[in-house]
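What follows is one structure encoded as structure tokens, with my remarks underneath.
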Amino acid sequence: MRNVIIQCLLCASLTFGIWIAVFNIYLHYNHVKKQEKIQEKGNPLIWSLGEKLKQTDSVHLPRAYNVRVERASEDEPAEPKLLLSSGENFNYSIPEVIHGYSTYGFNSIISKNLGHYRNVPDTRNVMCQKKMYPAKLPTASIIICFHNEEFNALFRTLSSIMTLTQQYILEEIILVDDMSDFDDLKEKLDYHLEIFRGKIKLIRNKKREGLIRARMTGASHASGDVLVFLDSHCEVNKVWLEPLLNAIAKDPKMVVCPLIDVIDYMTLEYQPSPIVRGAFNWRLEFKWDHVLSYEIEGPEGPTTPIRSPAMAGGIFAINRHYFNEIGQYDKGMNLWGGENLELSLRIWMCGGQLYVIPCSRVGHINRQHVTNRFEIMKVVEYNNLRLVHTWLDEYKGQFFLRRPALKSAAYGNISERVELRKRLGCKSFQWYLDTIFPELEASKAIS
């Protein structure tokens, strides 16, 4: 009886939260529409796609930069629906809002309304906008892995890259479909990718591999000088790639990340990020850390590359040969989670460098995971244990002090990763604490 009551309370809480979310959609919609109206004309590639799609009956093309494919309504059941209405092209039922949020982790209704492309505000510092980059830069293979991604978010990722990236430095975009189930990520996606023919390779995994191994698959098909990993729900900003490639051209062992602007999961507003760097606590939970003012007071000011103890992991660039040299990802890890910190430690401890490049900006939807949380938690614990037993040396006790239940948990065979560490001549975790991240050791309290 007690379990039933608890379940009822949870359902009631979820329902209340969803209604609050729906109300927020209503409040913010006019603001989103206002942003759209001041956008400039879209990229000719997107316009070209629009002209092609006009020939089909199921397409609605209100603007060149807002290409949207809508489902035909004839097949929908003729039963009354409770609708939200907030102006043109914004009639959606409450179940649609709930389904979109629970499926994708963000507001798929507004995503559909935004369509396949939009202009985002230039969030770079004025000094960044004046910077010039060499004409000769390494070429980039951009790797994007996806599993059941919302179609419009995925296509905006691709369209923003094709619109805002100089073609001579873009070797290819490699899309890896990690066994998606959704119909619109099959034939429909193939059809829409025709506009980018010659630049995009689409690889479809025959079984679910997870983000880590899917990225390794993408990297194995790459031919560019630099691998750029992006999530499938991003929008790049102006002159985003040149700063990353320029840093790697100067030092092939430098791994670089852009500043990650926030695309709000509810409103999909593009919001600028302050200058931050990646860090983590003894529970191996990633966090953003403010950059001290003295670090950006030199002659380069706010354009100065920022040394970062860790990366968020979703978005970064690395020399392709160096990626292979330092052991790619730990393929013994599952799905995703923990791989960003493992790679960060390996880069620093094995002779590389990790920096945030403030003049490169990429927007990212901060998705909210509402399903499979327990499964995700178990995977992250497993992956973290592989990191702990490979890289933390005598400091692994700091992790288990905070996570004692994991002391005897399984983590698979790490002999290959231990051997890799020896072969690369990597430094100790003590060196990492002393040299790269002394703030971690200074925190004695359990956090």
Side-chain angles (χ1 to χ4, degrees), residues 14 18 53 56 58-59 67-77 92-116 143-159 173-194 196 200-218 220-221 229-234 263 265 268 314 329 331 333-337 339 364-380 382-383:
L14 178 61
I18 289 168
L53 295 179
T56 68
S58 60
V59 176
V67 180
R68 298 192 290 116
V69 176
E70 297 182 346
R71 293 177 183 269
S73 59
E74 289 82 357
D75 296 328
E76 294 179 359
Y92 299 99
S93 67
I94 297 298
E96 282 182 295
V97 175
I98 296 170
H99 173 74
Y101 181 74
S102 63
T103 303
Y104 302 112
F106 60 87
N107 192 332
S108 64
I109 300 302
I110 288 184
S111 181
K112 181 180 179 183
N113 188 70
L114 288 176
H116 293 174
I143 299 169
I144 302 170
C145 304
F146 65 94
H147 173 74
N148 290 345
E149 182 61 86
E150 197 270 329
F151 182 87
N152 295 284
L154 174 61
F155 213 83
R156 276 196 304 278
T157 303
L158 300 174
S159 298
I173 300 174
I174 300 176
L175 273 180
V176 183
D177 175 9
D178 194 21
M179 200 69 178
S180 294
D181 304 313
F182 299 161
D183 290 339
D184 61 359
L185 297 176
K186 301 185 188 301
E187 288 82 1
K188 176 182 173 180
L189 178 61
D190 292 340
Y191 171 69
H192 281 67
L193 291 179
E194 281 295 305
F196 304 133
I200 290 187
K201 297 177 182 176
L202 176 58
I203 302 165
R204 295 194 187 272
N205 286 342
K206 298 190 186 316
K207 66 173 184 174
R208 182 79 195 279
E209 295 288 356
L211 176 69
I212 296 167
R213 290 191 286 271
R215 282 187 162 186
M216 292 173 70
T217 297
S220 70
H221 287 80
F229 293 99
L230 291 182
D231 279 342
S232 55
H233 37 271
C234 296
I263 302 175
Y265 74 94
L268 296 194
Y329 282 111
K331 63 184 178 183
M333 289 186 172
N334 296 321
L335 293 179
W336 60 269
E339 82 287 348
H364 178 264
I365 300 177
N366 55 330
R367 294 194 302 176
Q368 306 298 301
H369 297 282
V370 294
T371 58
N372 300 326
R373 287 192 174 188
F374 180 75
E375 178 191 354
I376 292 170
M377 181 186 73
K378 299 307 290 182
V379 167
V380 172
Y382 179 87
N383 291 348

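Any value given below was found using the heavy atoms of this structure, including those in side chains, with hydrogens, waters and symmetry copies removed.
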Are side-chain heavy atoms of [X] and [Y] found at a separation under 4.5 Å?
| X | Y | value |
| --- | --- | --- |
| Arg213 | Asn334 | yes |
| His192 | Leu158 | no |
| Ile263 | His364 | no |

Of all the heavy-atom pairs spanning [X] and [Y], show the shortest one and how long it is.
| X | Y | value |
| --- | --- | --- |
| Ile173 | Ile144 | CG2-CD1, 4.1 Å |
| Glu149 | Ser232 | OE1-OG, 2.6 Å |
| Ala153 | Ser111 | N-OG, 3.7 Å |

Between [atom1] of [X] and [atom2] of [Y], what distance do you get to the nearest 0.5 Å?
| X | Y | atom1 | atom2 | value |
| --- | --- | --- | --- | --- |
| Arg215 | Tyr329 | CZ | OH | 4.0 Å |
| Leu335 | Leu211 | CG | CG | 9.0 Å |
| Ile110 | Leu268 | CD1 | CG | 5.5 Å |
| Leu154 | Asn148 | CG | CG | 11.5 Å |

(request) Could you give me the CA-CA distance, side-chain angles and deciding distance for Thr217 and Asp178, then say whether side chain to side chain contact (heavy atoms under 4.5 Å, CB included) is met? (result) CA-CA 10 Å; Thr217 297; Asp178 194 21; over 6 Å; no

(request) Classify the ring geometry between His233 and Phe106 as parallel (under 30°), tilted (30 to 60°) or perpendicular (over 60°). (result)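 Rings of His233 and Phe106: tilted, 30 to 60°.
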
(message) Students often mix this up, so state it plainly: with edges at 30° and 60°, are the rings of Phe182 and Tyr104 parallel, tilted or perpendicular?
(response)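 Judged by the thresholds at 30° and 60°, the geometry between Phe182 and Tyr104 is perpendicular.
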
(message) Please evaluate residues Asp190 and Leu202 with respect to the criterion side chain to side chain contact (heavy atoms under 4.5 Å, CB included), reporting the C-alpha separation (whole Å), side-chain torsions for both, the decisive distance (0.1 Å), and the verdict.
(response) CA-CA 9 Å; Asp190 292 340; Leu202 176 58; 3.2 Å; yes

(message) Do Ser108 and Glu150 pair up side chain to side chain, a donor and an acceptor below 3.5 Å, judged on atom types alone?
(response)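 On atom types as modelled, these side chains do not qualify, holding no pair under 3.5 Å.
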
(request) Test Trp336 against every option in Ile376, Asn383, Val379 by the side-chain contact (heavy atoms from CB on, under 4.5 Å) rule and name the one that passes. (result)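 The residue from Ile376, Asn383, Val379 that satisfies side-chain contact (heavy atoms from CB on, under 4.5 Å) with Trp336 turns out to be Ile376.
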
(message) For the aromatic rings, using the six-membered ring if either is Trp, is the centroid distance between Phe196 and Phe155 under 6.0 Å?
(response)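 Yes, they do, as the ring centres are separated by less than 6.0 Å.
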
(message) Looking at Gly100, is its backbone amide N or carbonyl O close enough to the side chain of Thr103 to form a donor-acceptor pair, meaning the two atoms are under 3.5 Å apart?
(response)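 The answer is no, because no donor-acceptor pair under 3.5 Å joins these two groups.
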
(request) Kindly check if the number of other-residue, nucleotide or ligand heavy atoms within 6.0 Å of NZ (Lys186) is above 12? (result)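 More than 12 heavy atoms, drawn from other residues, nucleotides or ligands, come within 6.0 Å of this atom.
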
(message) Is there a side chain to side chain contact (heavy atoms under 4.5 Å, CB included) between Met333 and Tyr382? Walk through the geometry before answering.
(response) CA-CA 8 Å; Met333 289 186 172; Tyr382 179 87; 6.0 Å; no

(request) Apply the test side chain to side chain contact (heavy atoms under 4.5 Å, CB included) to residues Ile143 and His221: give CA-CA distance (whole Å), side-chain angles for both, the deciding distance (0.1 Å), then the verdict. (result) CA-CA 10 Å; Ile143 299 169; His221 287 80; over 6 Å; no

(message) Check Lys201 with Asp177, please: is the shortest side-chain N to carboxylate O separation under 4.0 Å?
(response)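 No salt bridge links Asp177 with Lys201.
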
